[in-house]
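Some notes on the structure that comes next.
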Amino acid sequence: MTTLPPCSTAETDVLIVGAGLAGLTVALSLPEHFHITVVVRQDLSICASTLAQGGIAAVIDEADSVAEHVADTLIAGAGSCDETQTATILSEGANAIEWLCAHGVEFTRENGQLHLTREGGHGKRRIVHAADHTGHSITETLQQQLLAHPNIQVLTHTFINEVILENTVCTGASVTIADSGETILIRAKHTVLASGGLGQLFSLTTNPLTATGHGVAVAALAGCRTRQLAFVQFHPTALALPANPCFLISEAVRGEGGILRNSQGQRFMPQYDERAELAPRDIVARAIAAEIAKSGHHCVYLDITHLSADFIRTHFPQIYRHCLKQGLDITCEFIPVAPAAHYACGGIITDTAGRTDVPQLYVIGETASTGLHGANRLASNSLLECVVVGRAAAASMAASDSHTLTWPQHLKKESTELLWQQPVQTSVSVPDMHTFSLQALQKLMSRYFGICRRTEDMHTLHMQLQQWYLHAVSQTDKLTLVTALLMVQDGLNQTENRGAHFNVDIA
């Protein structure tokens, strides 16, 4: 690994903020004569992609079709997907898997063929996976290749402050090295924000510590539009053990026959949806939340004890080992689970090559909104999006040294996103929480902007966020609050319930 020289200004061809699957795909898809700088907030290995268990959705089986994959995605997205962009991305599924295999990723195979599993919302088996540690297998393989490229420099423990604009064109970004406090202006022909999601704005999340939504804030402040930020997907089944860090119990566990039971041991999902445990995540998460509220118990239970022990150990080795370390043998005991903030379905508006409203600024992965996920992401579509859009973005950059002439003209150049700075006219009182901290923010976001919401609560939350923003000192705090404000503003703008947004006042 190399580092940039110790100076206040540096130059590169492509600056990539984030090294999850989206950032890795861009870096490894660019021509080798490009000089590439990758900035990561902590260690290279810490990203949401690494934590992904289930797999990548792609049409591989001859009995499946892209049209069916698109249809399943549109249903899960609750009418909020961009159908054209969804079809464009999903049609590249097989090519994305082929690209990963060519880069040495070893997926689970059966009789020499890729093994396909099924997850909630999918009508067919189309999830390509590496046992139950797909994300780790992919990112570890690609990170090793990243570090072996002499044209790629990596700055760890470095965070972005803002992107730099010159005549409305993005020409790089300002970053700060955490250990020294040194700020560096990195000038770049192309800048890519692939900084991940925003789960850390909630108390309970499956996301890594770096997922504070700063990429959304940075791009919005530069003039990019946002979309569907109210749609925060809560994963229905996070491990709910006392004093245990949030650990994801993969969607594939239900896909392979897992049954959800309430505190009395009764199966309940058929009462909420005819698809039962295989219903889309928003439906399952609300059902679990309802059962928890009804019983007063802290969790419900996922039961796979009817499956053979050998099957469980073979198909879910990581989950099995993790639970066993916690004193839980999932081959003969129920798994306690509860919903946790998991995925931002919305983000910065882009096309299918990651291009934003600002020329030469790309946004990819969970920070972006391509229109694929709509109001509720279909399981395992996110890793696919990272690869497909990441490769397309790299191709776009390689095609020209400057996109000032070829940048899509239909993308809006002006932004109205900063309207959130205007005070909201409401009679509700602001909670007595004058000192900002991430923990205080997480508490309020979880209470007022969780699985079920109320209009008055969102107004209260919005006012508190405004107060905190007006008194914020550090740029890090300001960026976190900008993203939270944009999310709550979008929630207040929603006029109906769909997908991951559920306002009980509308219901």
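Looking at T212 and T483, their side chains never come closer than 4.5 Å, going by heavy atoms from C-beta outward. In this structure, the side chains of R286 and D282 come closer than 4.5 Å at one or more pairs of heavy atoms. Residues I330 and I249 form no side-chain contact, since every pair of their non-hydrogen atoms from C-beta on lies 4.5 Å or further apart. Counting heavy atoms from C-beta on, the side chains of L239 and H322 come closer than 4.5 Å. Using a 4.5 Å heavy-atom threshold, the side chains of L441 and L465 count as touching.
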Let's go through L479 and V218 carefully: what are the C-alpha distance in whole Å and the side-chain angles of both, what is the deciding distance for side chain to side chain contact (heavy atoms under 4.5 Å, CB included) to 0.1 Å, and is it a yes or a no? CA-CA 7 Å; L479 293 178; V218 165; 3.9 Å; yes

Take N376 and Q233 through the side-chain hydrogen bond (donor to acceptor under 3.5 Å, both in side chains) test and state the conclusion after the steps. CA-CA 6 Å; N376 181 48; Q233 186 180 80; 2.9 Å; yes

Evaluation steps, side chain to side chain contact (heavy atoms under 4.5 Å, CB included), between I451 and F502: CA-CA 7 Å; I451 295 174; F502 189 81; 6.0 Å; no

Set out, in order, the CA-CA distance, both residues' side-chain angles and the distance that settles side chain to side chain contact (heavy atoms under 4.5 Å, CB included) for L485 and Q466, then state yes or no. CA-CA 7 Å; L485 280 160; Q466 285 181 322; 3.8 Å; yes

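Considering only residues two or more places apart in sequence or on other chains, H103 meets the side chain to side chain contact (heavy atoms under 4.5 Å, CB included) condition with L28, W99, L142, Q145. Contacts of T476 classified as side chain to side chain contact (heavy atoms under 4.5 Å, CB included), with partners at least two apart in sequence or in another chain: R41, F159, H214, S474. Every ring pair (Phe, Tyr, Trp, His ring centres under 6.0 Å) that H115 has, sequence neighbours left out, goes to H129, H315. Partners of D310 by side chain to side chain contact (heavy atoms under 4.5 Å, CB included), not counting sequence neighbours, listed by chain and number: S308, R313. Among residues two or more places apart in sequence or in another chain, the side chain to side chain donor-acceptor pair (under 3.5 Å) test is passed with T237 by H235. Evaluation of the side chain to side chain donor-acceptor pair (under 3.5 Å) rule for K478 yields no partner, not counting sequence neighbours. For the side chain to side chain donor-acceptor pair (under 3.5 Å) test, no residue two or more places apart in sequence or in another chain qualifies with R454. Listed by chain and residue number, H136, Q144 satisfy the side chain to side chain contact (heavy atoms under 4.5 Å, CB included) test with E140 (two or more places apart in sequence, or in another chain). The side chain to side chain donor-acceptor pair (under 3.5 Å) test applied to D43 returns H157, not counting sequence neighbours.
When all heavy atoms are compared, the tightest approach of I283 to R275 is CD1-NH2, 3.5 Å. Minimum heavy-atom separation, G55 to I127: CA-CG2, 3.7 Å. Residues G499 and A78 come closest through the heavy atom pair N-CB, 3.7 Å. Between I364 and A22 the shortest heavy-atom distance is CG2-CB, 3.5 Å.
Ring pair F334/Y301 is tilted by interplanar angle, where 30° to 60° counts as tilted.
For the atom pair D490 CG and T226 OG1, the distance stands at 6.5 Å (nearest 0.5 Å). Taken to the nearest 0.5 Å, the CG atom of L372 stands 5.0 Å off from the CG atom of N381. Rounding to the nearest 0.5 Å places CD1 of I60 at 13.5 Å from NZ of K124. To the nearest 0.5 angstrom, L114 atom CG is 7.0 Å from I97 atom CD1. Between S250 atom OG and L302 atom CG the span is 10.0 Å, to the nearest 0.5 Å. With values rounded to the nearest 0.5 angstrom, M269 atom CE is found 7.0 Å from L260 atom CG.
Side-chain atoms of T50 and T139 form a donor-acceptor pair, as typed in the model, at a separation below 3.5 Å.
Judged by the 6.0 Å and 45° rule, R109 forms no cation-pi pair with F107.
Among residues at least two apart or in separate chains, salt bridge (charged side-chain N to carboxylate O under 4.0 Å, His left out) pairs with a member in residues 246-271 are R125-E256, E251-R254, E251-R281, R261-D303, R267-E277. Sorted by first and then second residue, the salt bridge (charged side-chain N to carboxylate O under 4.0 Å, His left out) pairs with a member in residues 363-390 form an empty list; sequence neighbours excluded. Counting only residues at least two apart or in different chains, ring-ring contact (aromatic ring centres under 6.0 Å, His included) contacts with residues 253-284 are absent.
Aromatic rings of H373 and Y343 (six-membered ring for Trp) have centroids within the 6.0 Å cut-off, being under it.
Looking at Q200, Q442, H342 one by one, the single match for side chain to side chain contact (heavy atoms under 4.5 Å, CB included) with T205 turns out to be Q200. Of the listed residues (E119, H122, R126), just one forms a side chain to side chain donor-acceptor pair (under 3.5 Å) with S380, and that residue is E119.
With D505 contributing its side chain and T455 its backbone, the two residues share a donor-acceptor pair below 3.5 Å. Checking side-chain atoms of T158 against main-chain N and O of T156 turns up a donor-acceptor pair under 3.5 Å.
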